[in-house]
Structures are given as structure tokens and as C-alpha cells.
> 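Below you'll find the structure I mean.
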Amino acid sequence: MGINNNLPALIRSSAGPLHGNVSAIRHGNYRLNILIRLAVIVSFIFMVIPVIDITVSGWFADRAGQFPLHENRFLLTLRDLHRTLPAIIVPALLACLILQGLFNRRWLPAPHKLLYILSVYAIGAAAIVHGLKYLVGRARPNEIMEFGGSSFFSPAWQIAKSCQSSCSFPSGESASAMAMLAIPLVLGGANRVLLLIITGFAALVFSLNRLVMGAHFLSDITLSWLFVAITMAWFWPVFRRHGDRIDSFIFKIGQRIRNRGFVWLAPVAMICSGQGLHQSIF
């Protein structure tokens, strides 16, 4: 009778984690669906009403059609600061991942959380954005005829092939700025909301800086944000669901490296991987 009476409690306790995972997955899918629909709506608006891009960019152009803030020292410094951040953030994340895999320290973040942030940078801020840059080939605002350039204006998503490299759509700077939000999202702890607000404000400033300078259209920026946000919402439920397996796998690799005396390879791998990912983002 005692065993029978305890069965419901045992079933509930064993089903608790499973129920939590299912709820998290459903919640993650809901956010992902919302973001995808939002990206479709925003894309449709910019494609149907392309004058929005020209009008907004025109706010920062003078009567001659030039962008007077394009060479502003403060804005250039802000741009260079933002471009430097991934060169610091990515190697730091790789260093934490390697150290955690090798030595399994409690004060370091779990490997699956570090891999999640690195994946957001690699896929969202690098692969997707630069793949679309190459595919679309959109000229920047300061390169089109409306603002004194020689290239034709093309709406978002239109295959223009107006440039061979460093194209406008989507914005790499805005994507990397948005990717920074993944850090407080999973590592913020008790201060997550405050850190998200601070990081979000910094991402907004870094992104709009490129609009003011005439380097990107509004659609380049907003859609870059959405591409990275979709990547974050898509990846996190997967990494969280398989977190224990990922952590165990990383720890096993670290143990094998330690057993074979190859710990000295860790700094070399960290530097090479960090530099490669930074170059792919910008």
C-alpha cells in the first residue's frame, strides 16, 4: 500500500523536468514564430514602400545629397569601438570554453551556454548576414544616385549585384550589435534584465550610428536585428534541451586533451578561432 500511495508522487516528480522542457520548447517555438512573422511583415513593408529607406536616410543628408556626418570623428570612433568588441568578446568566450572544458570550474559558465553565444555570432552575425550581402549586392546610401553616388537604389531583398564586397544589405554592424544581447540573456543571472537594457541601448547606438553616417539603410539595420533575434530564439531551446549532453561532451574532450598532454594547444586554438570569426563578421 505504501508503494502504491507513493506512485503518483513519484510519477509527478519524474515528469516535472520533462514537463518543464516541453513548456520551454513550446515557449521557444512561440517566440521563434513571432519573430519570423515579424521579419516577413517588416520585409514586405520595405519592399512595397521602398521610399521609406530613401526618406529616412535623407534626414541625415544635406541639400547637396551628401552625408555630412560620414567623416565625423566621434561617429568614426564609435564605429571603430564597435568593430573592436567582437575581437575581444569572441576570444574571451573561446578562452572560457577551452578553460571550462579542460578544468571544469564552477565559476565559469557552462559549455553549452558559451557555445550558444558563439553560435549566434558565427551563424547569425556572420554566415547569414554575409551570405545575404553576397547574394543581394545592395549599394549603400552614400553610393546611390539620390545621394551623390553612381549606383542605382534597390529595395530590400532585390537582387541588385550593385557591389562586389562590403554591401549594404543586411548590416553586419547591426547584426554583431544584436548578437551581444545573447551574452546577458544566458549569463546575466540575477542582473539579466538590467544588463539586457544596457546592452540593448549600446546595440541601438552602434546600429543607428551607421544610419546617420549614410552607410546603411533603415531596412538593413532592422532586418539584421531580426535575423540575429531569430537565430537566438531558434538556437537557445536546442542548446538548453541538450545542455547536459553538450557539457558532458566538452568535458570528455578536455579530459582527453589533459591526459595526452596537449593543454598547450589551447591558446593556439583560441587565438586562431577568434581571429577567424572576427574577420568573418566584419
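FYI, side chains are in, hydrogens and waters are out, and symmetry mates aren't considered; it's all heavy atoms of this structure.
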> Hey, does I246 have a side-chain heavy atom less than 4.5 Å from the side chain of Y116?
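Of all side-chain heavy-atom pairs linking I246 with Y116, none is under 4.5 Å.
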> So with a 6.0 Å cut-off around CZ of F249, is the heavy-atom count from everything else above 12?
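No, the 6.0 Å shell around CZ holds no more than 12 heavy atoms from other groups.
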> Which pair of heavy atoms, one from N142 and one from M213, lies closest together, and at what distance?
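Looks like ND2-O, 4.3 Å.
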> Write down the atom of S168, the atom of A139, and the distance for their closest heavy-atom approach.
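Heavy atoms of S168 and A139 come nearest at CB-O, 3.5 Å.
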> Taking D220 first and then R138, would you say they form a salt bridge - that is, a charged N and a carboxylate O separated by under 4.0 Å?
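Between R138 and D220 there is a salt bridge, with a charged N closer than 4.0 Å to a carboxylate O.
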> Can a donor-acceptor pair be found, under 3.5 Å and without considering hydrogens, that links the side chain of Q255 to the backbone of L102?
no
> Could you tell me whether the side chain of Y121 reaches within less than 4.5 Å of the side chain of M180, counting heavy atoms only?
yes
> Scan the side chains in residues 188-195 for donor-acceptor partners under 3.5 Å anywhere in the protein, sequence neighbours excluded, and list what turns up.
from: R192; atom 1: NE; to: L185; atom 2: O; distance (Å): 3.2

> Are I49 and F217 co-members of a hydrophobic cluster defined by side-chain heavy atoms under 4.5 Å apart?
yes
> If I compare all heavy atoms of A175 with all of V129, which pair ends up nearest, and what's the gap?
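Where A175 meets V129 most closely, the heavy atoms are CB-CG2, 3.5 Å.
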> Thinking salt bridges, do E173 and R83 make one under a 4.0 Å N-O criterion?
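Salt bridge: yes.
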> In Å, rounded to the nearest 0.5 Å, how long is the span from CG of L208 to CG of L78?
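CG of L78 is found 10.5 Å from CG of L208.
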> Would you call K113-D247 a salt bridge at under 4.0 Å N-O?
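Result for this pair is no, no salt bridge flagged.
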> List the residues meeting salt bridge (charged side-chain N to carboxylate O under 4.0 Å, His left out) with R140, not counting sequence neighbours, and say none if there are none.
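Here no residue qualifies.
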> Would you give the length of the straight line joining atom CD1 of I253 to atom CD1 of I98, rounded to the nearest 0.5 angstrom?
11.0 Å
> Establish, yes or no, whether a centroid distance under 6.0 Å links the rings of F169 and W157.
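They qualify: ring centres under 6.0 Å apart.
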> Could you tell me which non-hydrogen atom of G124 sits nearest to which non-hydrogen atom of T231, and how far apart they are?
CA-OG1, 3.6 Å
> Within this structure, what is the CD-CG distance for the pair Q100 and L108, rounded to the nearest 0.5 Å?
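It is 5.0 Å, given to the nearest 0.5 Å.
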> Please name the pair of heavy atoms, one in T199 and one in P184, separated by the smallest distance, quoted to 0.1 Å.
OG1-CG, 3.7 Å
> List the atom pairs, donor and acceptor, that lie under 3.5 Å between side-chain atoms in residues 147-156 and the rest of the protein, sequence neighbours left out.
none

> Work out which heavy atom in I89 is nearest to a heavy atom in I183; give both atom names and the distance.
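Closest pair (atom of I89, atom of I183, distance): CG2-CD1, 3.6 Å.
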> What distance separates L93 CG from L115 CG, expressed to the nearest 0.5 Å?
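Going from CG on L93 over to CG on L115, the span is 10.0 Å.
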> Starting from the C-alpha separation in whole Å, work towards a yes-or-no answer on side chain to side chain contact (heavy atoms under 4.5 Å, CB included) for F67 and V212.
CA-CA 8 Å; F67 291 93; V212 172; over 6 Å; no
> Indicate yes or no for a side-chain donor-acceptor contact from K133 to the backbone of P170 under 3.5 Å, with no hydrogens or angles considered.
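Yes; judged by distance alone, with no hydrogens or angles, the pair exists.
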> Counting distance only, does the side-chain N/O of R240 pair as donor-acceptor with the main-chain N or O of V238 below 3.5 Å?
no
> For S176 and H82, test the side chains for any donor-to-acceptor distance below 3.5 angstrom and give the result as yes or no.
yes
> Rounded at 0.5 Å granularity, tell me how far CH2 in W236 sits from CG in L32.
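Atom-to-atom, W236:CH2 and L32:CG are 15.5 Å apart.
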> Backbone N or O of S171 within a donor-acceptor pair of the S224 side chain at under 3.5 Å?
yes
> Examine I198 and L85 and state if one hydrophobic cluster contains both, with Ile, Leu, Val, Met, Phe, Trp and Tyr joined whenever side-chain heavy atoms are less than 4.5 Å apart.
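No: no chain of side-chain contacts under 4.5 Å links I198 to L85.
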> If two hydrophobic side chains count as joined below 4.5 Å and joins carry through other members, does F44 share a cluster with F227?
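Shared cluster, yes.
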> For the OG atom of S57 and the CD1 atom of I52, what is their distance to the nearest 0.5 Å?
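Between S57 OG and I52 CD1, I get 11.5 Å after rounding to 0.5 Å.
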